[in-house]
Amino acid sequence: MKVVIIGGVAGGATAAARIRRLDETAQITVFERSGFVSYANCGLPYYIGGVIENKKELTLQTPKSFRDRFRIDVRVRHEVTAIDPKKKTVSVTNLETGEAFDEPYDKLLLSPGARPTKPDIPGMDSPRVFSLRTVEDTFRIREFVEEHPPKSAVLVGGGYIGLEVAENLCEMGVKVTVVQRPKQLMNTLDFDMATFVHAKLREKGVELRLGSEVLEFEDTAEGLRVRLKDGSLFLADMALLAIGVTPDSQLARAAGLALGMKGSIVVNDRMETSVPDIYAVGDAVQVKHAVSGEDAVIPLAGPANKQGRIAADNICGGDSRYRGSLGSSVIKVFDMTAANTGLTEKAAKAAGIDYDRIVLSPASHASYYPGAKTMTMKVLFEKKTLKLLGAQIVGFDSVDKRIDVLATAISAGIPADRLKDLDLAYAPPYSSAKDPVNMAGFMIENLAAGKVKQFHWDEVEALPRDGSVTLLDTRTVREFERGHAEGFFNLPLDELRERLTELDPAKPVYVMCQSGLRSYLACRILSQNGFDCYNFSGGYRFYQSVHFEKKLSEESYPCGMDKEEEACL
């Protein structure tokens with residue numbers, strides 16, 4: 001059996017090694033357009049910043065190592081220019097010599113990945129403007145940074161690559177500005193959770209131009225002049241475009257393969273395309289979202305590796321199936337971590353799901369053990385069935401651990417209230433006796449049982465301030481004086497039972513505290529005394545972060561903030 005693989009990195013390289021493990025007699029040839037067949041794509045931003053010092057650390061396998069260990073013929077700097085499904089050949093050009101030839105195949109695997117989305121902006125050809133996809137791109141940026149140490153940089157786009165490069169440049173002392181068309185960074189998070197990322201970046205000196213757009217780059221003697229849609233101008237020493245990726249599917253299109261959303265390659269759960277004996281994996285393919293069942297393009301290394309293994313199994317006569325992707329991801333943002341799995345609110349709404357959500361702010365481990373840090377968790381579930389839909393966490397410690405537990409629970413079909421029953425490891429340095437994931441289950445169980453009702457940050461503004469409802473803040477007097485939501489009055493939790501007569505039982509009561517715990521306790525007291533009570537989801541800490549960012553967005557505040565504002569976050 002002759003197998004030809006177009007593209008290496010995660011999907012193609014994984015498939016090649018798996019095919020060899022399954023079939024010692026298969027003839028396997030990999031064509032890779034770049035000079036590197038298997039490299040740490042996700043590590044590229046950290047080489048730019050010098051965190052990864054040796055460029056050799058980025059290379060996971062070389063053509064020689066593939067040959068020596070797996071007897072696989074890997075040809076880098078070879079570009080496949082056409083596929084002929086009838087003849088079962090591919091046309092190849094050796095980019096070093098210019099030689100062109102046809103290569104036959106019995107089975108063909110496409111792993112072309114995705115290419116950086118490049119808008120039609122004047123000045124894109126400037127040597128100061130970069131994109132980041134390949135190892136060669138990384139070397140060019142690192143070389144520029146070393147030979148022309150920049151004092152300022154503009155990053156267009158607020159996804160993973162943009163934020164990771166922003167952090168690395170900022171740690172090098174570069175003044176970084178991020179320009180993002182939407183009014184939030186990281187579309188894998190909902191706006192409310194993204195506000196914590198915004199605050200962290202501003203704290204570290206990164207300037208955010210959200211809801212903005214670059215119209216033009218212009219090389220000048222002073223530097224790269226950047227013109228924004230609002231007419232503002234500023235200078236930067238370099239620019240990086242990281243506004244997203246587009247499936248690299250031109251070969252598939254020309255060969256007549258069926259394409260889906262964003263021009264991605266349509267595959268079934270066996271990773272088979274619409275043309276017999278042609279498979280496709282990785283960032284270029286359309287898959288099913290594991291929660292919603294909707295078509296999705298999810299360009300992440302984890303799914304690409306799994307898909308490569310599945311395609312290899314089926315090429316070798318097996319029957320492996322891809323069960324869809326949750327889109328689980330995690331990113332380091334300076335000393336903060338942001339992670340997500342499953343559906344966001346935006347995605348749940350788009351899928352027409354009747355969902356609810358909880359927000360909690362637990363400690364990373366037992367609060368009495370030194371070093372405990374607060375994380376903010378948001379968990380989405382379907383109201384009627386309590387099916388887990390997704391989760392987002394932003395914090396400083398053990399965020400990855402909790403998002404992985406929640407991703408596993410979603411994959412296993414565990415109902416949201418059953419999170420309380422998970423038997424998770426506990427010792428004071430690592431967790432609490434009631435793990436944050438267990439706490440989420442307790443909260444959802446209380447909601448499902450009717451023991452508590454809640455309201456959310458996007459409902460606060462609409463609450464009447466005419467006296468027809470009671471707006472209650474149960475924090476201490478000192479906490480309340482430091483800041484509170486408009487219209488709320490202070491009645492500390494520990495005084496509530498003795499002062500119930502000050503409240504009108506005929507009026508609904510909306511209760512807020514710092515994290516949501518004291519307000520929950522207040523609601524239990526009030527409910528059992530005949531009050532119609534609603535607990536604020538997430539607490540004032542959460543409300544303050546979202547409200548401040550929303551205010552910045554609505555009032556078009558200049559980027560950056562003073563120390564007093566930073567302290568509020």
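- More than 12 heavy atoms of other shown residues, nucleotides or ligands fall within 6.0 angstrom of atom CZ in R524.
- Salt-bridge formation is detected for the pair E207/R209: a Lys NZ or Arg NE/NH1/NH2 atom is positioned less than 4.0 Å from an Asp or Glu carboxylate oxygen.
- Residue-environment remark: CD (E498) exceeds the threshold of 12 foreign heavy atoms within 6.0 Å.
- The aromatic ring centres of Y510 and F455 sit less than 6.0 Å apart.
- We find the CZ-CZ distance between F542 and F536 to be 7.0 Å, quoted to the nearest 0.5 Å.
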Q. Do F442 and L360 pass the side chain to side chain contact (heavy atoms under 4.5 Å, CB included) test, and can you show the C-alpha distance, the side-chain angles, and the key distance before you say yes or no?
A. CA-CA 11 Å; F442 294 142; L360 60 158; over 6 Å; no

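- Taking Y540 as the reference, nothing meets the side chain to side chain donor-acceptor pair (under 3.5 Å) condition, with sequence neighbours excluded.
- The distance from the CG atom of D356 to the CD1 atom of I353 is 13.0 Å, given to the nearest 0.5 Å.
- More than 12 heavy-atom neighbours from other residues, nucleotides or ligands sit within 6.0 angstrom of CZ on R499.
- In this structure D192 satisfies the side chain to side chain donor-acceptor pair (under 3.5 Å) test together with K378, W457, sequence neighbours excluded.
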Q: Would you sort out whether K288 and D269 count as a salt bridge (Lys or Arg N to Asp or Glu O under 4.0 Å), showing the intermediate values?
A: CA-CA 9 Å; K288 296 292 183 183; D269 60 357; over 6 Å; no

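- In this structure, E345 CD and R357 CZ are separated by 4.0 Å, a value rounded to the nearest 0.5 Å.
- Atoms OG and CZ, on S411 and R323 in that order, are 12.0 Å from each other to the nearest 0.5 Å.
- In this structure, the separation between SG on C523 and CZ on R518 is 14.0 Å, given to the nearest 0.5 Å.
- Using modelled atom types and a 3.5 Å distance limit, the side chains of T117 and T246 yield a donor-acceptor pair.
- Annotation for F234: atom CZ counts as buried by contact number, over 12 foreign heavy atoms lying within 6.0 Å.
- Between S329 atom OG and L189 atom CG the span is 7.5 Å, to the nearest 0.5 Å.
- A donor-acceptor pair shorter than 3.5 Å cannot be found between the side chains of S398 and S364.
- For K175, there are no salt bridge (Lys or Arg N to Asp or Glu O under 4.0 Å) partners two or more places apart in sequence or in a different chain.
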